[in-house]
Amino acid sequence: MDDAFGKGCHLHLIDGSAFIFRAYHALPPLTRKSDGLPVGAVAGFCNMLWRYVQTDDGHTAPTHAAVIFDHSSKTFRNDIYPAYKAQRPEPPEDLRPQFPLTRDATRAFNIACIETQGYEADDIIAAMACAARDAGGTATIISSDKDLMQLIGDGVDMLDPIKNKLIGRDEVFEKFGVFPDRVVDVQALAGDPVDNVPGAPGIGIKTAALLIQEYGDLETLLDRAAEIKQPKRRQTLIDHAEQIRISKRLVTLDCDTPLEVTLESLAVQRPDAERLVAFLSEMEFRTLTNRVAEVLGAEAPAIQAAPASDAPAAPEQPAIDASAYETVTDMAALEHWIAAIRETGHVAIDTETTGLDEMRADLVGLSLAVAPGRACYIPVGHVAGGDDLFGQSARVEGQLDLEQVLAALKPVLEDPGVLKIGQNMKYDWKMLARHGIEMTPLADTMLMSYALNAGTHNHGMDELAERYLGHKCIPIKELIGTGKSQLNFAQVAIDKAAPYAAEDADVTLRLWQHFAPMLPAQKVSTTYHTLERPMIPVLAQMEMAGIRIDPDVLRRMSNVFAQKMAQLEDEIHGLAGQSFNIGSPKQLGEILFDKMGLSGGKQGKTGAFSTSADVLEDLAAEGHDLPARVLDWRQIAKLKSTYTDALPTYVHPETGRVHTSYSITGAQTGRLSSTEPNLQNIPIRTEEGRRIRQAFIAPEGYRLVSLDYSQIELRILAHVADIPALKQAFREGIDIHAMTASQMFGVPVEGMDPMIRRQAKAINFGVIYGISGFGLSRNLRIPRAEAQAFIDTYFERFPEIRAYMDKTVADAKQDGYVTTLFGRRINTPGINQSGPAAGGARRAAINAPIQGAAADIIRRAMIRMPDAIADLPARMLLQVHDELVFEVRDDAAAQLIDTARIIMEAAAEPSVRLSVPLVVDAGQGANWAEAH
DNA sequence: ACGCTCACG
DNA sequence: GACGTACGTGAGCGTA
């Protein structure tokens, strides 16, 4: 280990957040050439760090150093005084993605990177300065922040990095009129408008210093306020004594902030030349890369403005060898791995569990990887294969205790300076969150693949390993078997489990190394960092929250449905003249078309008759009763089996709620999908189905709130295709379908025939889907020629739409992908095919940027939502593509609606300034039916 | 395992 | 002129 921190040691504490903001404002908004990622602040930050590392101007050189960052805007000070820093504007959009990069930069410089949830950088700096002094060493704070000046004293000084000027007691007196030990008293009186520290009205630094000089300290002053001669000043101090005391607590930095690292671990290390140069060249900082390379004697890789699409030459890597992994069975070995993680600054992690449902499964083991081929498995929950008489299985000997392992790993898993890499991180995040560990920061190879390859292939690990590493993973089936006799992972022998599990971590790490440089090269860094990765904790928390349902409501409905179905069954069998399985399309087809001789065509490969609702509706319209009854029966059967019967089986035994799972990569367009159960397809279109939503309820004292975007896809179309008529209609807030009908058929919007409006609506939707005459004719049940005539008229009236469609398809053909307004990339393989498949690919390409942009917008809203509603007694529970559902305490529903609406309506900004407004409708009630 | 049907946006 | 077709999902059921 490092030597103890003590006499002769000198600690430098660099105020990272101040560095970032200064760099951001000092420099023009630079972007990375290859992909447009904003990097101005990172560039300035790196330059400052480099200058700092290089400078040796006689000021005591540090033996230890750390860069300290603010972690989040909410700190314990908000509990003391809610308005603290409240009016502070959000950091600019182009700065935000740079925050994590500045952490990366710090690590690349081989300097410790420190931040703590709930504390400001200033608090950590104070605690570390105290610790350094208490240990007999000294500290220098690299900052010019006046709030830190109170810390100056014996053994602690400050250095303004811009002026390169030392700030000591005299400089503080110059600024505050008091010495450092009384600075907080002056600040408490004077307040600080920038941070919203109230202080005493009408008293500034000058007056405050005068008062403190006269009375010695703040408490004495307040006690003896009555003696003050000036009447106004006297009254102010008496009236605002409490406010002044609060102000003092706000500005005071104490030594008690918990530190998550030891001073010893901050020993100054020479930057690893290769790593630093690699980082700088990835950022494409040409000048600095060359300079650093020269000074440190490393080779500067050539920076390409537009890297070739073929994969860069991969460094030599050890082959994947499942027998080479370590099984960790004692704490000393675990500590070794933790040290290795701290050394590399990243770790690939994978959890093994007893099942796929992360709300119910138990942890069986964890695997870690720090470098290719360097991985381990930590078994914690393996049991002997056979059950005993009581169905209990014995825990296998020689495993570490789960809680002990997690306690040891927690600091590093929550350390903002250590990147946690996973494949489908949401799963592992939830597993660990159930044990009180909230991993951050995160990288997810599945999401990286999605950002790069959506539309091309799926993003499961086995598939990625095969495609990108040329490696076939050990199939899980080899361990647990298949079918009825399938084991759970806990029952797998440790010597079989370890190679499999550790391999997963190893593969994940290698995939991360493979994908990381491709993100910037393929220009999807911003998508990954702003639209994919931040979804992990947001969705994990929604899923863990779950939504309450009332099983009794569903059971009653189910009984009613059962009776109705029995009744209809009798009727249908009577009409058919025989008994048959109505649920079998095959048997139904035979009854309808063979036995009864109705007209209807054959379908598809199987040669079976189609009995889809379309067909049955046509038959019913011709006056046939049987198909009409079958339609009724099917509707009820669907509601019963898929909803009223199935939903209660998903109620979690402990939470009493239903926890869906969202797939971030489930849809090609950026939409989420929802499984087990799918809560994105709960009925609403028919009255009977809609009632199922009454079973989705809020607990006593709470309400459900639903907010949904109105016509978001048409609005996006209006914007991206730049259609003046459509944009104007949205700006004026008029009925968009009526407007379309009016334009097409030349009828006034007032008193419009509902049928005409319906047709226009169908066309509007058709456009979004890549309209065809055939599709429209079928949807509207009108002759194909008529439908085609509608479409022709539509394109005449709105020529910009055709231009947009043609351009989108042309882009797709040329690039092999389309992009959304926010830069999401959706690949379009098959766009250059010929034959029938080409039509489908073409329509998908037209639809993807529209559906995808809508998905991007609601993702942006969701990512901002937790912070926005943090102070409300409310939780976000569900997302249904253009709708968000919340649970909120009765008294705060209105406030939640206000807040969430603002976030949703402004979600595109500031990345994209839409030329049409986004409008959000809101509702609330005791259940989802009422809220909608 | 796969196709059909149908629930949603 | 023919091909086929609205875009994106997931679940339950019947059939092979």
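Since this is a predicted model, take the numbers as computed values, not measurements. Order of the sequence lines fixes the chain letters, A, B, ..., with proteins taken first and strands second; residue numbering starts at 1 for each chain.
Inter-residue side-chain proximity for A:F822 and A:T527 is flagged as unmet; no heavy-atom pair is nearer than 4.5 Å. Residues A:K595 and A:E590 form no side-chain contact, since every pair of their non-hydrogen atoms from C-beta on lies 4.5 Å or further apart.
Atoms NE2 and CG, on A:H932 and A:L704 in that order, are 11.5 Å from each other to the nearest 0.5 Å.
Among the atoms of the strands shown, base atoms are found under 4.0 Å from some heavy atom of A:N779. Among the protein residues, A:R778 comes within range of the sugar-phosphate backbone only, with heavy atoms under 4.0 Å from sugar or phosphate atoms but none that close to a base. Among the protein residues, A:R784 comes within range of the nucleic acid bases, having at least one heavy atom under 4.0 Å from a base atom. Residue contacts for A:A762: at a heavy-atom cut-off of 4.0 Å it reaches a base atom on one of the strands shown. Among the heavy atoms of the strands lying under 4.0 Å from A:S772 is at least one base atom, whether or not backbone atoms are also near. Nucleic acid contact for A:L776: base, since at least one base atom lies under 4.0 Å from a heavy atom of the residue. Among the atoms of the strands shown, only primed sugar atoms or phosphate atoms (P, OP1, OP2) are found under 4.0 Å from some heavy atom of A:A613. Residue contacts for A:Q635: at a heavy-atom cut-off of 4.0 Å it reaches the sugar-phosphate backbone alone, with no base atom in range. Base engagement by A:I771 is indicated by at least one non-hydrogen atom pair under 4.0 Å involving a base atom.
A:Q711 places its CD atom 13 Å from the P atom of B:dG9, with the value rounded to the nearest Å. Taking atom NZ of A:K761 as the reference point, atom P of B:dG9 lies 11 Å away to the nearest angstrom. Rounded to whole angstrom, the span from the CD1 atom of A:I712 across to the P atom of C:dG8 amounts to 18 Å. What separates CD of A:E688 from P of B:dC6 is a distance of 15 Å, to the nearest Å. In this structure, the CG atom of A:L616 is 15 Å from the P atom of B:dC4, given to the nearest Å. Rounded to a whole Å, the CD1 atom of A:I582 is 15 Å from the P atom of B:dT5. Taking atom CD1 on A:I858 and atom P on C:dT9, their separation rounds to 17 Å, with Å as the unit.
For A:R671 and B:dC8, the shortest distance from a side-chain N or O to OP1 or OP2 is not below 4.0 Å. Residue A:R685 places at least one side-chain N or O under 4.0 Å from the OP1 or OP2 atom of B:dC8. The side chain of A:Q668 places an N or O atom within less than 4.0 Å of a non-bridging phosphate oxygen (OP1 or OP2) of C:dT9. Listed pair A:T669 / C:dT9 fails the phosphate criterion, with no side-chain N or O lying under 4.0 Å from OP1 or OP2. Here A:R843 does not reach the OP1 or OP2 of C:dA6: none of its side-chain N or O atoms lies under 4.0 Å away.
Here A:K807 does not pair with A:E800 in a salt bridge; the nearest charged N to carboxylate O distance is not below 4.0 Å. Checked for salt-bridge contact, A:K426 and A:E543 meet the test: a charged N lies under 4.0 Å from a carboxylate O. A salt bridge is defined here as a Lys NZ or Arg NE, NH1 or NH2 lying under 4.0 Å from an Asp or Glu carboxylate O, and A:E887 with A:R657 meets this definition.
Between A:H459 and A:Y450, the ring planes lie perpendicular to each other; the angle is over 60°, past the 30° to 60° tilted range.
Judged by Watson-Crick or G-U wobble contacts below 3.5 Å, the nucleotide C:dA2 has no partner. The pairing partner recorded for B:dC6 is C:dG10, the criterion being a Watson-Crick or G-U wobble arrangement whose two distances lie under 3.5 angstrom.
The A:Y643 side chain lies nearest to B:dA7 when the options are B:dA7, C:dT5, C:dT9. In the set B:dC6, C:dG8, C:dA6, the nucleotide with an atom closest to the side chain of A:A844 is C:dG8. You'll find that the side chain of A:F774 is closest to C:dT5, out of B:dC6, C:dT9, C:dT5. With distances taken from any side-chain atom of A:S612 to the nucleotides B:dC6, B:dG9, C:dT5, the minimum falls on B:dC6. Checking B:dC8, C:dT5, B:dT5 against the side-chain heavy atoms of A:I684 singles out B:dC8 as nearest.
Looking only at distances, no side-chain donor or acceptor of A:D811 sits under 3.5 Å from a matching main-chain atom of A:V818.
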- Query: Which nucleotides of nucleotides 11-16 of chain C have their base under 4.0 Å from a protein heavy atom (B), which only their sugar-phosphate (S), and which neither (-), written as one string 5' to 3'?
  - Reply: BSSSSS
- Task: Apply ring pair (Phe, Tyr, Trp, His ring centres under 6.0 Å) to A:F790 and A:F745, showing your working.
- Result: CA-CA 9 Å; A:F790 281 177; A:F745 307 116; 5.3 Å; yes
